[in-house]
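Quick note: numbers below take in every heavy atom, side chains included, and nothing from hydrogens, waters or symmetry partners.
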Amino acid sequence: MSDDPFVTHRRLLFTVAYEMLGSAADAEDVVQESWLRWAGVDQDDVRDPRSYLVRVVTRQALNRMRTQSRRREDYVGEWLPEPLLTSPDVADDVELAESVSLAMLTVLETLRPAERAVFVLREVFDVPYEEIAQAVDRSPAAVRQIAHRAREHVAARRPRVDVDRAEQRRVVDRFLAALSTGDVQGLMDVLAPDVVLVSDGGGVVQAARHPIVGADRIARYLVGGIGKARGVISATSAPLNGAPGIRVEVDGVLATAVCVVVVDGRITQLFGIANPAKLAHVDEEARLAR
């Protein structure tokens with residue numbers, strides 16, 4: 001194993017960038033840009049490589065957020081984060097799993113860039129306020145205020161997550177069984193009455209342009225979509241963003257990744273990502289770390 005601190009902390013750096021950006025592709029770019037900066041400094045002068053590298057990644061991610069906001073102004077339909085195929089160790093780390101869940105990432109999208117950076121660094125990675133202040137070019141006092149606002153904002157919007165992975169898997173399996181047979185009532189039984197489905201096709205593939213609300217509407221929408229599909233559809237469970245999710249293939253080709261939120265034995269949220277540009281990291285396990 002390399003003694004290069006960048007190699008040692010690469011998984012952490014990718015995770016920091018991904019949680020700030022919600023885009024695996026952008027996170028990879030940020031990590032690469034940060035490596036170039038790391039390669040250009042006198043590393044003997046860096047007393048704390050981990051802190052230094054996190055600071056560099058944070059600054060690069062903040063710059064990338066401005067580019068993202070301009071791109072999303074022209075985005076067709078709902079925008080969702082890129083899903084990741086995650087390993088069992090991510091699911092075992094409850095705090096990490098929650099922080100990379102689609103539900104949490106969509107809440108983080110409602111924060112301002114500096115708020116998101118401060119929240120991620122403090123709440124997920126427990127970075128000291130003084131180090132965060134250096135990363136975001138604010139005073140420690142200002143960072144504490146930003147962190148307080150961000151925590152209140154997220155707390156008011158974050159879903160109540162059921163961390164019982166075994167129950168989540170059972171619920172997903174029941175959902176898949178009902179979906180495979182076109183059982184509308186079976187789907188309604190596993191969906192919460194006020195369940196919400198958000199789809200992201202990016203204007204490239206067909207997807208609902210606006211959220212669909214209600215078990216009956218969503219069950220009929222899903223069954224109707226399968227009935228109209230051209231090709232052989234296969235839906236199987238897959239570990240996505242730290243929790244049991246669903247992989248949908250059409251004629252053996254990945255078409256949609258679905259992340260779900262389960263509360264009290266029922267699905268309360270469904271996030272369907274069908275934009276082909278966002279599915280590159282569903283076939284290869286992401287390397288995440290705190």
(message) Run Phe175 and Val262 through side chain to side chain contact (heavy atoms under 4.5 Å, CB included) and show every step you take.
(response) CA-CA 11 Å; Phe175 177 86; Val262 175; over 6 Å; no
(message) Is it true that Asn241 and Tyr18 share a donor-acceptor pair across their side chains at a distance under 3.5 Å?
(response) yes
(message) Has Gln206 got a side-chain atom pairing as donor or acceptor with Gly201's backbone, closer than 3.5 angstrom?
(response) no
(message) Once rounded to the nearest 0.5 Å, what's the spacing between atom CG of Leu96 and atom OG1 of Thr86?
(response) 9.0 Å
(request) Heavy atoms only: give me the nearest Leu187-Ala178 pair and the separation to one decimal. (result) N-CB, 3.6 Å
(message) Ignoring hydrogens, what is the shortest heavy-atom contact between Ala274 and Leu279? Give both atom names and the distance.
(response) O-CD1, 4.1 Å
(message) Working note: Leu270 + Val260, criterion side chain to side chain contact (heavy atoms under 4.5 Å, CB included); need CA distance, chi angles, decisive distance, verdict.
(response) CA-CA 5 Å; Leu270 289 154; Val260 305; 3.4 Å; yes
(request) Would you check if the side chain of Arg122 reaches a backbone N or O of Val127 as a donor-acceptor pair within less than 3.5 Å? (result) yes
(message) Once rounded to the nearest 0.5 Å, what's the spacing between atom CG of Asp264 and atom CG of Asp164?
(response) 11.5 Å
(request) Kindly say whether Leu80 contributes a backbone atom to a donor-acceptor pair with the side chain of Lys278 at under 3.5 angstrom? (result) yes
(message) Regarding Arg220 and Asp216, does a basic nitrogen lie under 4.0 Å from an acidic carboxylate oxygen?
(response) yes
(request) Could you check if a side-chain atom of Val195 sits within less than 4.5 angstrom of a side-chain atom of Thr268, using non-hydrogen atoms only? (result) no
(request) Would you kindly confirm whether Val213 and Phe271 end up in one hydrophobic cluster when ILVMFWY residues are joined by side chain heavy atoms under 4.5 Å apart? (result) yes
(request) State, with a plain yes or no, whether a side-chain heavy atom of Pro193 is found less than 4.5 Å away from one of Arg266. (result) yes
(message) Within this structure, what is the CG-CE distance for the pair Leu62 and Met20, rounded to the nearest 0.5 Å?
(response) 6.5 Å
(message) Determine whether Glu33 and Arg37 satisfy the following criterion, side chain to side chain contact (heavy atoms under 4.5 Å, CB included), listing intermediate values before the conclusion.
(response) CA-CA 7 Å; Glu33 291 163 1; Arg37 281 159 176 73; 4.0 Å; yes
(request) Identify the heavy atoms of Ser139 and Ala133 that sit nearest to each other, and give their distance. (result) C-CB, 3.9 Å
(message) Side-chain heavy atoms nearer than 4.5 Å, only ILVMFWY residues, links allowed to pass through others: does that put Val196 and Met104 together?
(response) no
(request) Verify, without hydrogens or angle tests, whether Arg151 (side chain) and Phe119 (backbone) share a donor-acceptor contact under 3.5 angstrom. (result) no
(request) Please round to the nearest 0.5 Å and tell me the distance separating atom CZ of Phe125 and atom CD of Glu131. (result) 13.5 Å
(request) Could you go through the salt bridge (charged side-chain N to carboxylate O under 4.0 Å, His left out) check for Asp183 and Arg174 one step at a time? (result) CA-CA 11 Å; Asp183 181 0; Arg174 286 176 56 205; over 6 Å; no
(message) Main chain of Leu21, side chain of Asp26: is a donor-acceptor contact present, judged purely on distance under 3.5 Å?
(response) no
(message) Would the distance check show the side chain of Thr15 and the main-chain N or O of Ala289 forming a donor-acceptor pair, the cut-off being under 3.5 Å?
(response) yes
(request) Give, for atom OG of Ser234 and atom CG of Leu254, the distance between the pair rounded to the nearest 0.5 Å. (result) 10.5 Å
(request) Taking the side chain as every heavy atom from C-beta outward, state whether Leu85 and Pro239 have any pair of such atoms under 4.5 Å apart. (result) yes
(message) Evaluate Leu84 against Val100 for side chain to side chain contact (heavy atoms under 4.5 Å, CB included), listing each step before the verdict.
(response) CA-CA 9 Å; Leu84 299 177; Val100 298; 5.7 Å; no
(message) Tell me the closest heavy-atom pair linking Ala243 and Arg165, and the distance in Å.
(response) CB-NH1, 3.6 Å
(message) Hydrophobic clustering (ILVMFWY, side-chain heavy atoms < 4.5 Å, transitive) - are Val143 and Val57 grouped together?
(response) yes
(request) Could you check whether the rings of Tyr75 and Trp79 sit parallel, tilted or perpendicular, using 30° and 60° as the cut-offs? (result) perpendicular
(request) To the nearest 0.5 Å, tell me how far His210 NE2 sits from Leu197 CG. (result) 13.5 Å
(message) Does Glu285, at its CD atom, have more than 12 non-hydrogen atoms belonging to other residues, nucleotides or ligands within less than 6.0 Å?
(response) yes
(request) State plainly whether one hydrophobic cluster holds both Val198 and Val107, where clusters connect Ile, Leu, Val, Met, Phe, Trp and Tyr through side-chain heavy atoms under 4.5 angstrom apart. (result) no
(message) Do Pro49 and Gln43 have side chains that approach each other closer than 4.5 Å (heavy atoms only, starting at C-beta)?
(response) no
(message) Can you confirm whether Gln185 is buried at CD, in the sense that more than 12 heavy atoms of other residues, nucleotides or ligands lie under 6.0 Å from that atom?
(response) yes
(request) Would you mind telling me which of Arg72, Arg66, Arg64 makes a side chain to side chain donor-acceptor pair (under 3.5 Å) with Gln68? (result) Arg72
(request) Side-chain contact test, heavy atoms from C-beta onward, threshold under 4.5 Å: evaluate it for Ile218 versus Met188 and give yes or no. (result) no
(request) In plain terms, say whether Asp283 and Arg247 are close enough for a salt bridge, that is, a side-chain N and a carboxylate O under 4.0 Å apart. (result) yes
(request) Please report the closest heavy-atom contact between Ala25 and His281, naming both atoms and the distance. (result) N-CE1, 4.2 Å
(message) Is there a continuous path of hydrophobic side-chain contacts, each under 4.5 Å between heavy atoms, that joins Phe6 to Val41?
(response) yes
(request) Scan side-chain atoms only and decide if Gln60 and Ser34 contain a donor-acceptor pair under the 3.5 Å cut-off. (result) no
(message) For His153 and Arg157, which I'm curious about, is there any donor-acceptor pair between the side chains at under 3.5 Å?
(response) yes
(message) Is any side-chain heavy atom of Leu13 closer than 4.5 Å to one of Val54?
(response) yes
(request) Please report the shortest heavy-atom distance between Pro276 and Val204, naming the atom on each side. (result) CD-CG1, 3.9 Å
(request) Look at atom CZ of Arg290 and say whether more than 12 heavy atoms of other residues, nucleotides or ligands are closer to it than 6.0 Å. (result) yes
(request) For the pair Arg116 and Glu19, find out whether any cationic side-chain nitrogen is under 4.0 Å from an anionic carboxylate oxygen. (result) no
